[in-house]
Amino acid sequence: MEGKNRYIKKIKMNFEKNIKDVLKKQLNLKEVVLEIPSNIELGDYAFPCFTLSKFLKKSPVQISKELEQKIKLPKGVIKIISIGPYLNFFIDKTIFSKEVITNILRKKEKYGSSCFGKKEKVLVEFSSPNIAKPFGIGHLRSTVIGNSLAKIHSFLGYNVIKVNHIGDWGTQFGKLLYSFEKWGNKRDLRKDPINYLFNLYVKFHNELEKDNLLIEDARIYFKKLEEGNVKLTKLWSLFSSLSLSEFQRVYNLLNIDFDYIQGESFYQSKLDSTIDIIKKTIPTEISEGALIVNLKKKNMPPLLLRKTNGSTTYHTRDMAAALYRLNKFKPKKLLYVVGSEQRLHFNQLFEVLSMMNLSREKFNHVDFGLINFPEGKMSTRKGNIILLEEVLDKSINLALTTINKKNPSLKNKEIIAKKVGIGSIIFADLSNDRIRNISFDWDKILDFEGETAPYIQYTYARARSILKKSKIKILSKNKIDFSLITTKEEYNLIKQISIFEEVLMKIATDLKPHHLAKYLLVLSQSFNEFYHKHKVIDLDNKEIMLARASIVYSVAQIIKNGLNLLGIDVSEEM
RNA sequence: GGACCUAUAGCCUAGUUUGGAUAAGGCGUCAGCCUUCUAAGCUGAAGAUCCAGGGUUCAAAUCCCUGUGGGUCCGCCA
C-alpha cells in the first residue's frame, strides 16, 4: 500500500491520510479504514461506524452522530456530516481540482505514466498465429490483449519485450508437408498461399476421418523435418515466409509490432540441451516409451518431453523457450497471452519450472475465453472460421458509410474511418473481462453506438472541437480560478480524472485491460452529461470558460492516452 | 470419471480479489430533446427471486459448503 502511494500520489495534499490521522487520534485507534461513498453527493470519503459499535456499546448511527460533533476538521476537509451509520467527509474541491488539473496540464501525453515498473523487464508473448493458417478472428484476442498489456506496462515504466511466438513447428507441419507432397503444387501455392495451404490442411483432416492411419504419416513427416531433411525444410521455410508476409498486413492494419518474432522452430536447436538440463535437475521417467515428467503428485497429467518416435512436443519447445528467455532477458515477469483452453498446459509447464527452482511467480498465463459462433465452436480444421481482415474491412467500410451519412463534409474520411472501424473491433474485444467467452455476432461487432470505441472517440472529437472553438490555449502556467468549479458534473469529472493512474496500476496487477476500457466509458459518459448541461464557450465570463476548458482539455488528454494504451487511435474530428 | 473456468433485467456486460449506504452501464422497448460548443449524443419511464439451497456476519452479488446449468481441458495436436 505504501509502495503504491509513493508512485501514484503525485497530489501534494494527502486528503485520505489527513482524515485517517484525525480519526485515529480521536478514537485512539492504530488503524482506521475509509471508504469511498457510492454516490458523489454523499461526500469524498466515508468512515463506517459499524465495527466500533461493539466495544462502544452504542449504535453505529449514534457513534457517527457523536463523532460529527466532537471531531475537528482534518486539513483539506471543509465539511463533515453524519449520514446514518457513516461519517462522511467533504474535501476542499478547489484544492483538489487545482492539484488534479495542474498535474495533467504539466504532464500531458505522459499523464498517467510513472516509474512504477522501475525499468524491470516484462516479456509479453502474444498474437502467435499459426503458419499456413489464415489469421482468424480468434487470433484477435491474444493480439489485442497482449498489445494493450505491453503498452500499459511500458507506460508504467517497465522495460517491455514483445515476442510473437509463431506456431511454425510440430505435427501440424507434418500434416501439411505430407498433404503438399501428395496433393499440392507450387504454382497454385504462389497464387494465394495461405488459402491454398489452409485448404490442404482441411483436406488432410477430411481424409483423416476416412483413414486415421494418416496421422502416422504426418508424424513421420514432422520427424523428418525435425531431423533436418533438406527438401522438407526448404518447403517449410517457403510456407513460413509466405505466411509471415500475409500476417504483416494485419499487423500493419492494427499498428502492432514485435521486438522478436521467434516461432517454435527457433527453439529446435535448443531442445536436446533443454531435455538434458531437465533430466539433470528433476526426476524424469519413461512411460509407454515416451520421456515424461510425472506430475501425479500435483494431480496433473505428465509433461511429455519426447514422444515414442523420438520427436518433441510443444511441451518441450515451451520449456526450451522459458529457459532461453529467463537466461537471455532475465525478466521480472513473463506474460503468456494464450487462450484458456491451454490452462492445464501452462499449469504443467509452470509446475515443472517451479520443481526446477525457477520462480513460479514470474510466470503468468494471461488466459482468455473463446470466440464462438452462436451455434457452436469455430474450427480451423473444419474450415469454418471468420477472417480477421474481413471483419476489419467490413467495419472500416461501415465507418465510412456512417461518416458519409452523418458528416459528409469531413476531410480525410478514409483515415478517420480506419481509426473508427478498427478501434471499434479492438474495443469490443477489450471492453469485457478477458475470461469470458465471446459469441460472434456481426450486428454487435458492427455497432458504433453505446459502449463502443466510436462513442469514446466521438466524445474526444467533441472535446477537441470545443477547445478549438473557444480559442483558448490551455497551458500549465495559466492562472485558473478553480473555485469556479462548482457543479456536480464538473466535480465528477475531476474525480474521474484523478483515478486514471490507479486504474492502470490495477491492470499491472491483474492483467485485465477491461478496467481501462470501462473507465474510459464512464469518463466519456460523465463528460457527455457535463457537455449537455453546461456551456463551456461563454464570452461573457472568461474566468469560468477557462476553468471549464481546462477540464475539457484534461478529459480529452486522458481519452487520448487511454485509448492509445488499448491500441486505438483518436481523431480530432469525426 | 477427474480438474479448471463461469452463472447478475428480454439480450450483452461491470461490480466479486479488499463484504457496507437505493445492485451500475449498454442494446432493445416506450416518451421527450438538434435556429445555441459535433444527435456516433443527452434526459426520463418500464424492466433484477444477483442460478438454487444452506452457513458465517451487525451487514453477502461479493466469503465458506452442497447442488444445478453452461464452457474448457485431461501424453505422443498446439
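Here is the naming used below: chain letters follow the sequence lines, and residue numbers restart at 1 for every chain. None of the values given here were measured: they were computed from a predicted structure.
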Complementary nucleotide of [N], counting Watson-Crick and G-U pairs under 3.5 Å:
N	answer
B/rA3	B/rU72
B/rG19	none
B/rG67	B/rC51
B/rU29	B/rA45
B/rU56	none

Assign [X] to base, sugar-phosphate, or nothing according to its heavy-atom contacts below 4.0 angstrom with the strands shown.
X	answer
A/His315	nothing
A/Lys54	sugar-phosphate
A/Glu489	nothing
A/Tyr314	base
A/Ser287	base
A/Arg317	sugar-phosphate
A/His345	nothing
A/Val420	base
A/Ala218	nothing
A/Ile435	sugar-phosphate
A/Leu344	sugar-phosphate
A/His365	nothing
A/Gly170	sugar-phosphate
A/Gln457	nothing

- Kindly indicate whether the side chain of A/Ser340 and the base of B/rG71 share any N or O donor-acceptor pair separated by less than 3.5 Å?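 A donor-acceptor contact between them is absent.
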- Message: Tell me if the side-chain of A/Asn88 makes a donor-acceptor pair with the base of B/rA21, cut-off 3.5 Å, by modelled atom types.
- Response: yes
Heavy atoms from C-beta onward define the side chain here; which of [options] lies closest to that of [X]?
X	options	answer
A/Ile466	B/rC77, B/rU38, B/rA40	B/rU38
A/Gln342	B/rA78, B/rG71, B/rU22	B/rA78
A/Tyr531	B/rA14, B/rA39, B/rA21	B/rA39
A/Gln172	B/rG75, B/rC77, B/rG41	B/rC77
A/Glu288	B/rC74, B/rA40, B/rG75	B/rG75
A/Pro454	B/rA40, B/rA78, B/rA39	B/rA40
A/Ser465	B/rU38, B/rG41, B/rG26	B/rU38
A/Asn130	B/rC37, B/rA40, B/rA78	B/rA78
A/Leu42	B/rA40, B/rA21, B/rG75	B/rA21
A/Phe448	B/rA40, B/rC27, B/rC37	B/rA40

Under 4.0 Å between a side-chain N or O of [X] and OP1 or OP2 of [N]?
X	N	answer
A/Arg343	B/rA3	no
A/Tyr201	B/rC77	no
A/Lys468	B/rU38	no

- Query: Centre of A/Tyr531's six-membered ring, under 6.0 Å away, within 45 degrees of the axis: is that where NZ or CZ of A/Arg462 sits?
  - Reply: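 Pair A/Arg462/A/Tyr531 counts as cation-pi.
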- Does A/Lys175 count as lying over the ring of A/Tyr178, i.e. NZ or CZ under 6.0 Å from the six-ring centre, within 45 degrees of the axis? no
- Is the side chain of A/Ser311 donor-acceptor paired with the backbone N or O of A/Lys223 at a distance under 3.5 Å, no angle test?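 Checked: no pair found.
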- Message: Between P on B/rC27 and CZ on A/Phe427, what's the gap in Å once rounded to a whole number?
- Response: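 About 13 Å, once rounded to whole Å.
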- Return the value, rounded to whole Å, for the distance between atom CG of A/Asn299 and atom P of B/rC4. 8 Å
- A/Glu414 and A/Lys418: salt bridge (charged side-chain N to carboxylate O under 4.0 Å, His left out), yes or no, with the steps? CA-CA 6 Å; A/Glu414 277 77 18; A/Lys418 198 174 152 193; over 6 Å; no
- Task: Could you check A/Phe239, A/Phe173, A/Tyr201 and say which one makes a ring-ring contact (aromatic ring centres under 6.0 Å, His included) with A/Phe180?
- Result: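 Of the listed residues A/Phe239, A/Phe173, A/Tyr201, the ring-ring contact (aromatic ring centres under 6.0 Å, His included) partner of A/Phe180 is A/Phe239.
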- Message: As a test of the definition: with a 90° window around 0 for syn, would you call B/rG75 syn or anti?
- Response: syn
- Would you classify B/rC5 as syn or anti? Syn applies when the glycosidic angle is within 90° of 0.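 Anti for B/rC5; the angle lies over 90° from 0.
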- Message: side chain to side chain contact (heavy atoms under 4.5 Å, CB included), that's the test. Do A/Ile507 and A/His514 meet it? Break it down for me.
- Response: CA-CA 8 Å; A/Ile507 297 173; A/His514 78 279; over 6 Å; no
- Message: Could you check whether A/Phe247 and A/Phe135 have their ring centres less than 6.0 Å apart?
- Response: yes
- A/Phe500 ring center near A/Tyr519 ring center (under 6.0 Å): yes
